[in-house]
*Asks:* 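My questions will all concern the structure given below.
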Amino acid sequence: MEKVIGYAARFLIGGIGIIVVLVGVFRMFYAFIVLELRHQKGEDVRRERDAERLALGSYLLLGLEFLIAADIIQTILEPTFEDVGLLAAVIAIRTGLSYFLNKEMKEVKE
């Protein structure tokens, strides 16, 4: 049973996190192309570009949350000292990324 949960955490929950990030990146890439074409025609697209950056930040944050959840579940199931240390480092890095993404998103909103 633990192996099934471990695989679910690694591939299902982690996979969802990766898919969320990829959806956000592809969405932003499409919006970037459209906005750049409009900008080349002389339109002011700063607000739309900022809105798309906020949307990408939201996708990245949500994806990171799924990835952190997958790491936590995996470590709970197989708690070696090395894995716990690695998890702490990964969570610290991802939490730092989340913090700075949130901070940047708030600045863009203002």
Side-chain angles (χ1 to χ4, degrees):
M1 184 63 172
E2 287 184 14
K3 285 192 176 201
V4 172
I5 295 171
Y7 287 125
R10 181 178 298 143
F11 297 110
L12 183 63
I13 298 172
I16 290 170
I18 291 169
I19 289 169
V20 168
V21 170
L22 288 175
V23 166
V25 168
F26 289 132
R27 183 181 178 277
M28 179 61 182
F29 181 71
Y30 174 76
F32 170 76
I33 297 298
V34 170
L35 290 173
E36 284 303 307
L37 291 173
R38 287 178 48 202
H39 179 69
Q40 293 299 319
K41 293 179 182 178
E43 292 183 43
D44 184 13
V45 295
R46 284 179 287 175
R47 286 186 184 209
E48 290 95 339
R49 191 179 295 144
D50 286 344
E52 291 300 327
R53 285 182 61 215
L54 287 174
L56 177 61
S58 295
Y59 280 99
L60 292 175
L61 288 172
L62 182 60
L64 284 172
E65 295 299 325
F66 276 105
L67 292 169
I68 289 170
D71 288 341
I72 289 170
I73 293 169
Q74 192 69 29
T75 301
I76 288 171
L77 295 175
E78 301 169 12
T80 66
F81 188 71
E82 184 177 320
D83 288 339
V84 171
L86 183 60
L87 176 64
V90 168
I91 288 176
I93 291 168
R94 289 183 181 164
T95 301
L97 285 171
S98 294
Y99 171 77
F100 287 111
L101 278 171
N102 269 325
K103 185 176 178 181
E104 183 177 350
M105 287 171 58
K106 286 179 184 177
E107 289 175 2
V108 170
K109 281 183 182 179
E110 295 172 357

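Count residues from 1 along the sequence. Here the structure is a predicted model, which means the values were calculated and not measured.
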*Asks:* Hey, what do you get for OG1 (Thr95) to CD1 (Ile68), rounding to the nearest 0.5 Å?
*Replies:*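 Here the rounded value is 4.5 Å.
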*Asks:* Which heavy-atom pair separates Val90 from Asp71 by the least distance, and what is that distance?
*Replies:*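 Val90 and Asp71 have their closest heavy atoms at CG1-OD2, 3.3 Å.
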*Asks:* Does one hydrophobic cluster hold both Ile93 and Leu64, with members joined at side-chain heavy-atom distances below 4.5 Å?
*Replies:*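 Same cluster.
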*Asks:* Search all heavy atoms of Tyr59 against all heavy atoms of Val21 and return the closest pair with its distance.
*Replies:*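 So the two residues come closest at O-CG2, 4.3 Å.
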*Asks:* In terms of hydrophobic clusters joined by side-chain contacts under 4.5 Å, are Phe100 and Leu54 together?
*Replies:*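 No, separate clusters.
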*Asks:* For residues Leu56 and Met28, report the shortest heavy-atom separation together with the two atoms involved.
*Replies:*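 In this case the closest contact between Leu56 and Met28 is CD2-CG, 3.8 Å.
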*Asks:* Starting at CG of Asp44, measure out to CG of Leu35 and round the result to the nearest 0.5 Å.
*Replies:*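 That separation rounds to 10.5 Å.
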*Asks:* Return the minimal non-hydrogen interatomic distance between Ala70 and Gly14, and the atom names on each side.
*Replies:*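 Smallest interatomic distance, heavy atoms only, reads CB-N, 3.7 Å.
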*Asks:* Would you name the heavy atoms of Phe66 and Ile13 that are closest together and state the gap between them?
*Replies:*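 Heavy atoms of Phe66 and Ile13 come nearest at O-CG2, 3.4 Å.
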*Asks:* To the nearest 0.5 angstrom, please state how far the CZ atom of Phe26 sits from the CZ atom of Phe29.
*Replies:*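 Here the rounded value is 9.5 Å.
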*Asks:* May I ask whether Ile16 and Ile73 are part of the same hydrophobic cluster, defined by side-chain heavy atoms of I, L, V, M, F, W, Y residues being less than 4.5 angstrom apart, directly or through others?
*Replies:*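 Linked, Ile16 and Ile73 end up in one cluster.
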*Asks:* Please round to the nearest 0.5 Å and tell me the distance separating atom CD of Glu36 and atom CZ of Arg49.
*Replies:*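 So the CD of Glu36 and the CZ of Arg49 are separated by 5.0 Å.
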*Asks:* Hey, could you give me the CD/NE2 distance between Glu48 and His39, rounded to the nearest 0.5 Å?
*Replies:*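 So the CD of Glu48 and the NE2 of His39 are separated by 12.0 Å.
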